[in-house]
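The model shown is predicted, which means the values in this text are computed figures rather than measured ones.
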Amino acid sequence: MAYQDRNTYVTTPRSGSGAGWFIAGILVAAMIGGGILYYNGYFHQEKEVSIELKVPDVKLP
């Protein structure tokens, strides 16, 4: 009879640190914030500033 060498390996599931869920939460919050800004028209503001100055007419005596 042939001799069979068998090894038994026991693996335990690794628990992660949760950093992936934290980063995913930050990305979701950023997307929601960007969507709110887009919906309110923040990105469609005019880039040109116009100042109009009206001075009353002063008549000297």
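- Applying the side chain to side chain contact (heavy atoms under 4.5 Å, CB included) criterion to I32, with sequence neighbours excluded, gives V28, I36.
- Sparse packing is recorded around CZ of F22, with 12 or fewer heavy atoms of other residues, nucleotides or ligands lying under 6.0 Å away.
- Around the CG atom of N7, the shell of radius 6.0 Å holds more than 12 heavy atoms that belong to other residues, nucleotides or ligands.
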Mind running side chain to side chain contact (heavy atoms under 4.5 Å, CB included) on Y39 and L37 for me, showing each step along the way? CA-CA 5 Å; Y39 180 74; L37 289 175; over 6 Å; no

